[in-house]
Amino acid sequence: MQEYDIIVVGGGHAGIEACLACAKMGKKTLLITILAENIGLASCNPAIGGLAKGHLVKEIDALGGQMGLATDASGIQFRILNESKGPAVRGSRAQIDMDRYRIYMRNKLLNTTNLEISQEIATEILTKNGEIVGIKTQLNEYKAKKLIITTGTFLNGLIHVGTTKINAGRVGELSSVDLSSSLKNLGLKMGRLKTGTCPRIDAKSIDFSVLEIQNGDEKPTPFSFRTKNFAPTQLPCYVAYTNETTHDTIRENFHQAPLFTGQIEGVGPRYCPSIEDKINRFSDRDRHHLFIEPQTLEATEYYINGFSTSLPYHVQIDMIRSVKGFENAKIVRHGYAIEYDYVEPTELYHTLETKAIKGLYLAGQINGTTGYEEAAAQGLMAGINAVLATNEHEPFVLRRDEAYIGVMIDDLVTKGTKEPYRVFTSRAEYRLLLRESNAILRLGKYARAYNLLDENTLNEIDLVANNLKQGLDILNSTIITPSKENLAMLENLGEDKISEKATLQKIVARKSFDIEKLKKLDEFFAGIDDVSLFEILTEAKYQHYINEQKAQIDKMKDMLDVKIPENFSFKGISGLSNEVVEKLEKFAPKTLFGASQISGITPAAIDVLHIYIKQFHRANESLK
């Protein structure tokens, strides 16, 4: 039997980041994947990032991950979403050439030291005394100290197109049935989820002249802090609309929709419904947006975003041809729904190690998430923690106030999910601190600790951090008086004059003050790079609110240290559900931090507990 430190099963976005992290950190790593050619394949839409998802990609990049670099190398359109809104809720998104992305990732893995790839199907997880010892495939048996499972939609995958059912993890690729049985035999609680994809259309059959054009940003911004000399070739996307004919066609075929006939048992993603689900739920809408996205730089095939369906093939043709511009459309790849098994994420620790089996880690859709970015972030964290556990070092767990990765994993392992989970900015309590732009400043220290970034990149991050500190010090210590010289300076900047002295920070915090004006203050900021200037400007504008959120975090940290009295009763506390009370009584945590680590105990429940503990202490004091 060949022996490895860590084995990763699955070559999707989670598996890529997991095995790269393990190999970078010096562990002999094996990636087992069903089809080596499809490592990093974009199974659904040809895009990376989006609202909140862009945050995840930036955080992956700050921790030395590969997704941002691969996106920059293969991107064919880059846009900042919500650019008119505050920096906390802006999101980077890129259309990718899905072929070049896949080839980039495969070549990266094949050229990585300490990493081997084998095209096999994993069939059985091998354990001894409740601990991982290896894995069996249909061809071999391997020993391993740690095992990371990242199976995506392949775990007992079942494709639906009308009444047709195909056992597959993706069209043309076998599903992993035996591995699912192996996980169940280990006693892990499992469920069934569903997702879907859209038809892909031959570009020659589309009339683009009648579609709305949607271009990328004039000055595109790269995802990765490590990308230099960024000048991508950008292609347009397009917007089309469904109409009443489209809707009538779909309604007339509801009886053939697996989603409505009971053929599909798994729960689908709430925020990415199929077109038949949208027509059913929003019957008052006379049209729905469709985003027409090129799949490669050659633009020979287009993905119809917003048109996910599992209706029969002939119905899909009628549906798409009812849309203006698609009257002669030829489907290259039909849409379909896919059901797959997942493990209840409450079965995991925050490290993504299973509670039932020591050394077994899960990442990606197997944990109930949906999306490339969510998967990649989990894969990276699982990989780092598998290495740390092998070395008998302290685990790596990001707090909710440190990263969206921390928010996502905490949501999953404490609350669980009964539907495909995706990240949103609204899920983060401290999102003003968790901006895309400051991911390197938040997480770079961990990349340094785990040797995940090269020294030059770490030095660049240090430079930005130092520039930010010095810039804020200058703004807060520089007093501007209504003198003739200062009034002339403000007039030159196009800013309103002041009637009394103020710090330069208060001037910069004005809504009208932008980065171009900051650059004009060359007396203070000459030679400082744009990345640093953007952070200085952002921190200056939101300084009050940032300080408020930091104070809330400090308060929360102090609160979690609070001890729960031995004779404290959880029953009868207003604001706590029966389920929460039952769990608290069962586990009897000693502190509020211990309570926060119990599955299903929310931050709101912790707040309520804290209030009642203080009342408990006051009541006892009054009795003395």
Side-chain angles (χ1 to χ4, degrees), residues 49 51 54-55 57-58 61-62 68 72 78-94 215-232 234 425 431-442 444 460-480 486-498 502-547:
L51 299 178
H55 288 74
V57 182
K58 299 276 188 176
D61 187 63
D72 293 342
F78 292 80
R79 294 177 64 209
I80 303 294
L81 308 182
N82 274 354
E83 192 169 17
S84 62
K85 296 184 179 180
V89 294
R90 293 172 193 162
S92 299
R93 187 179 190 272
N215 290 309
D217 290 344
E218 190 175 332
K219 294 181 179 179
T221 305
F223 266 100
S224 177
F225 183 71
R226 292 167 279 172
T227 296
K228 308 300 178 188
N229 304 315
F230 188 60
Q234 296 205 84
T425 54
R431 54 186 170 273
L432 188 54
L433 304 181
L434 307 182
R435 306 182 301 277
E436 273 193 1
S437 60
N438 69 357
I440 54 169
L441 301 177
R442 291 185 275 120
E460 289 181 38
I461 293 172
D462 288 342
L463 179 62
V464 174
N466 290 333
N467 285 341
L468 174 60
K469 183 180 183 307
Q470 292 175 16
L472 291 176
D473 286 345
I474 289 169
L475 293 180
N476 285 303
S477 62
T478 303
I479 305 298
I480 302 295
N486 286 332
L487 294 178
M489 177 193 73
L490 291 173
E491 187 174 356
N492 183 51
L493 291 171
E495 286 294 320
D496 292 338
K497 296 177 181 179
I498 55 173
T503 62
L504 188 54
Q505 183 270 328
K506 290 190 178 297
I507 305 296
V508 173
R510 291 174 175 176
K511 188 176 181 180
S512 57
F513 210 99
D514 59 21
I515 196 165
E516 296 305 319
K517 292 181 180 180
L518 195 64
K519 288 179 181 178
K520 289 181 180 179
L521 297 174
D522 50 11
E523 177 186 348
F524 305 109
F525 302 115
I528 293 184
D529 62 279
D530 284 2
V531 172
S532 300
L533 286 174
F534 182 81
E535 283 309 299
I536 291 168
L537 182 69
T538 302
E539 293 270 344
K541 282 184 176 295
Y542 297 94
Q543 192 173 80
H544 172 72
Y545 303 102
I546 287 170
N547 289 339

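Model, not experiment: these values are computed from the prediction.
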Just how far is it from atom OH of Tyr545 to atom CG of Leu432, taken to the nearest 0.5 Å?
9.5 Å
Quick one: CG on Leu487 to CG on Asn492, what's the gap to the nearest 0.5 Å?
12.5 Å
Report the residue from Thr221, Val57, Leu81, Ile80 that forms a side chain to side chain contact (heavy atoms under 4.5 Å, CB included) with Ser92.
Ile80
Going by salt bridge (charged side-chain N to carboxylate O under 4.0 Å, His left out), Glu495 matches just one of Lys511, Lys520, Arg510. Which one?
Arg510
Could you give the distance from CG (Leu490) to CG (Asp496), rounded to the nearest 0.5 Å?
9.0 Å
When you measure from the side chain of Asp529 to the backbone N and O of Ser532, does any donor-acceptor pair fall under 3.5 Å?
yes
Report yes if some heavy atom in the side chain of Thr503 is under 4.5 Å from a heavy atom in the side chain of Ile479; otherwise report no.
yes
Do Ile498 and Ile507 have side chains that approach each other closer than 4.5 Å (heavy atoms only, starting at C-beta)?
yes
Judged by atom type as modelled, is there a donor-acceptor pair below 3.5 Å linking the side chain of His55 to the main-chain atoms of Ala439?
no
Between the side chain of Asn82 and the main-chain N/O of Val89, is any donor-acceptor distance below 3.5 Å?
yes
Any chance you could measure Leu504, atom CG, to Leu521, atom CG, to the nearest 0.5 Å?
6.0 Å
Do Leu475 and Gln543 come within less than 4.5 Å of each other through their side chains, counting heavy atoms only?
no
Are any non-hydrogen side-chain atoms of Leu537 and Phe513 less than 4.5 angstrom apart?
yes
Does a side-chain heavy-atom distance below 4.5 Å link Arg435 with Leu441?
no
Given Lys228 and Glu460, is the salt bridge (Lys or Arg N to Asp or Glu O under 4.0 Å) satisfied, shown in steps?
CA-CA 12 Å; Lys228 308 300 178 188; Glu460 289 181 38; 2.7 Å; yes
Report yes if some heavy atom in the side chain of Asp530 is under 4.5 Å from a heavy atom in the side chain of Leu533; otherwise report no.
yes
Is atom NZ of Lys517 surrounded by more than 12 heavy atoms (other residues, nucleotides or ligands) closer than 6.0 Å?
yes
In Å and rounded to the nearest 0.5 Å, what is the CD1 to CG distance from Ile528 to Leu463?
8.5 Å
Does Arg90 use its side chain to pair, donor to acceptor, with the backbone of Lys85 at less than 3.5 Å?
yes
Side-chain contact, heavy-atom cut-off 4.5 Å: Asn215 with Gln234?
no
Test item: side-chain donor near acceptor, Ser224 and Asp61, under 3.5 Å
yes
Could I get the full list of side chain to side chain donor-acceptor pair (under 3.5 Å) partners for Lys469, not counting sequence neighbours?
Asp473
Can you see which heavy atom on Val508 is nearest to which on Lys541, and at what distance?
O-NZ, 3.5 Å
Aromatic rings Phe230 and Phe78: how do their planes relate, parallel, tilted or perpendicular, breaks at 30° and 60°?
perpendicular
Value for CG (Leu434) from NZ (Lys58), rounded to nearest 0.5 Å, stands at 15.0 Å
Might you point out which heavy atoms bring Tyr542 and Pro87 nearest each other, and give the distance in Å?
OH-CD, 3.3 Å
Considering all heavy atoms of both residues, which atom of Ala94 and which atom of Phe223 are nearest to each other, and what is their separation?
CB-CE1, 3.7 Å
